[in-house]
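Below is one structure; the comments refer to it alone.
Lettering follows sequence order; numbering is per chain, from 1. Because the structure is predicted, anything quoted here is derived from the model rather than measured. The figures here come from the full heavy-atom set of this structure, side chains too, leaving out hydrogens, waters and symmetry mates.
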There are 2 protein chains.
Amino acid sequence: MIIKQQLKKISIADIARELHVSKTTVSFILNGRAEEKRIGREVVERVQKFIEEVGYRPNPLAQSLRTGKSNIIALMVEDISNPFFASIARLIEDRAYKNGYKIIYCSTDNDPAKTRDLISMFRERHVDGYIIAPPEGIEDEISALMKAKMPVVLFDRHLNDVKTDLVEIDNMFSTYNATKHLTEQGFKKIAYVTFSSNQSQMLARLDGYNKALEESGYKPFVKEIAFNQNDDLIIGPITAFLKKNKNLDAVFFGTNHVGTCGLQVITDLGIQVPSDLAVVSFDDYNVFKMHSPPVTAISQPIEAIADNVITVLLNRLNTSSQHISSQSIVLKTDLHIRGSSLRAAQ
Amino acid sequence: MIIKQQLKKISIADIARELHVSKTTVSFILNGRAEEKRIGREVVERVQKFIEEVGYRPNPLAQSLRTGKSNIIALMVEDISNPFFASIARLIEDRAYKNGYKIIYCSTDNDPAKTRDLISMFRERHVDGYIIAPPEGIEDEISALMKAKMPVVLFDRHLNDVKTDLVEIDNMFSTYNATKHLTEQGFKKIAYVTFSSNQSQMLARLDGYNKALEESGYKPFVKEIAFNQNDDLIIGPITAFLKKNKNLDAVFFGTNHVGTCGLQVITDLGIQVPSDLAVVSFDDYNVFKMHSPPVTAISQPIEAIADNVITVLLNRLNTSSQHISSQSIVLKTDLHIRGSSLRAAQ
DNA sequence: ATGAAAGCGCTAACAG
DNA sequence: CTGTTAGCGCTTTCAT
């Protein structure tokens, strides 16, 4: 009964007063430093019992103000409504909560100015660490964070000239491999449709495509589209591109977003897959599996990415790994070959 | 130069000292109460100029500790990786940032215990408001929040016996209408596959289906699946259900997640849509649009939901609307009729 | 019109 | 082993 009545926030001072001990003692007990400070067994028990009874919880704001720590991790992705990032966010969230950390996330829209604002907001709030899929142009801010000894893990892409912890996939090999698959199937006029971007992962993907084509001696056809969240502004250019290049026999979409939009265009134009046009996309995704025919796709190891990201960050936070300068983790992808890219399937 | 050197966090006390005024004066100016407090023009300008120069930003933690406000809104959804919730989160996030609020979000998994924990964590952190798609069983916590005068907006579903601000869609009419569409197309054995749930929106959807079938005099076939994030645990039961009930001529999926899994089953079993089986799903979604044939779906007005949610909450936060007890907003859905449910299409 | 000072709740250095 | 005390940076009452 008393328990429930204790609605008024009770503070460490109240406990100290009530139990005739000092705030310090309570604070030490709370922080598990009772042994270390050789506080009497009896006192410890009395305090713990009381805390239990009244359901006391320390005020995290005061703690943060005092210690400069917040138990909050900032997660900055390109767009939280993108299924790739949403899934990663979900997994990271779970792991973080289990380790006593909260996640505060946001979408950067690949906009460096917005990202800068967000970072400075997070710094003010004393977040303890950062997980970022960085847009270009925020090298300085990241460096500043590192200089301030803030744990920063980048993922999905990296920034040149900034040495941070990093979790990535092998983009170049992934597209190289998928393009090879297309050439082995006998496709020769293979287009690559992607967002126009200098982000590391996008450049690597493009490189992989180019390299594979070069080896085969085929001509590359690259269509770059301005990055945009709005489907219509992606569908438009793809439609124009496919209409203009009827001679293509395969198309490779460089991201899941481009891929889904591209698939929509193909459906709308009544193009037959794979007889008119073979299709491959980066990122696996419901839509691709369930399309008829199912679409060959490069599947990123979402769980592994999330796991590695959070593990690296938690390690940093536990300060045990201060001496490690930085680590890069590169994960492999899987090429799921399906009907959309099989010459034989016809 | 001086500007950049000022890396050490500068505080209100520093400013006061530097400018030979008191902390109070600075604070008043900072909070736009200079006029009200009749502080000298000249002083105000000097202070503002200085603040500008050194790029001073008040420490929000200290502000929160002192005022009890945090400028943070908690957003609790069922699962942030569900595209419906991810899209809503994205829109809400944008609007919130524009109004000076940050969003801290999390997934409840429809688990009342987890949700309770999260709420108590948020309370400790003094978040200013809550946006929640509530699981059942947290009526007491919501009531407690309301009693504590915390702004709470529920959406997607409501809780009986708890009167809060609310943004919903007309679930019952939506399924009624879609079921009617099926009967009008001549389908008679129409199954309804859904998560097993007593959440208001799920009950309403089921009611709509039942009502429409009742009017037609057809027998309902309802398959309830345990709520789960794991696709395999959804696909299994649906597969079993469809295999066992070969006589069905149409199936209505009650959520986007069930719908996508169901579609996968249909594909895997080689069932022809709509000739073997017509398909309708709640929630519109890429997958449905791009399926062949495209799937008839009930589309929720995502933007309108997000807009209304945040508008209602911001109103509450601006305290101007203290007198309003609570408001419910019910939005309409659109039934997008596509090939998957057309008898004539064959 | 401005300033001194209390205090939000907590931690930790420093005494005893 | 335990208590006193000084802040963390800010807001706000009360005095001047």
Worksheet entry | Heavy-atom donor-acceptor pair, B:R116 side chain to B:G137 backbone, under 3.5 Å | yes
Provide, to the nearest angstrom, the distance between the [atom1] atom belonging to [X] and the [atom2] atom belonging to [N].
X	N	atom1	atom2	value
B:I10	D:dC8	CD1	P	14 Å
A:R57	C:dG9	CZ	C1'	15 Å
A:I51	C:dC10	CD1	C1'	13 Å
A:E42	D:dT2	CD	C1'	13 Å
B:R38	C:dG3	CZ	P	16 Å

Any [X] side-chain N or O less than 4.0 Å from OP1/OP2 of [N]:
X	N	result
A:S27	C:dT11	yes
B:Y56	D:dC10	yes
A:N59	C:dC8	no
A:Q63	C:dT11	yes

Fill in: Nearest-nucleotide 5' precedence on DNA chain C, B:K37 against B:T67
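Between the two, 5'-proximity favours B:K37.
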Worksheet item: Quick one: on DNA chain C, does B:H20 or B:R66 contact a more 5' nucleotide (nearest heavy atom)?
Response: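 The residue closer to the strand's 5' end, by nearest nucleotide, is B:H20.
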Ignoring the backbone of [X], work out which of [options] is nearest its side chain.
X	options	answer
A:K23	D:dG3, C:dT11, D:dG9	C:dT11
B:R33	C:dA12, D:dT12, C:dG9	D:dT12
B:I12	C:dC10, D:dT12, D:dC10	D:dC10
B:V43	C:dG9, C:dT2, D:dT5	C:dT2

Item to complete: Would you mind checking if B:D94 and B:R90 are paired as a salt bridge, meaning a charged N to carboxylate O distance below 4.0 Å?
Response: yes
Worksheet item: Salt bridge check: are B:D117 and B:K114 linked by an N-O gap of less than 4.0 Å?
Response: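 No.
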Worksheet entry | Polar pair under 3.5 Å, donor/acceptor by atom type, side chain B:T25, base C:dA1 |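 Donor-acceptor pair under 3.5 Å: no.
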Practice prompt. Please state whether the base of C:dA4 and the side chain of B:S22 form at least one donor-acceptor pair under 3.5 Å?
Written response: no
Fill in: 5'-most by nearest nucleotide on DNA chain D - B:T24 or B:L61
B:L61
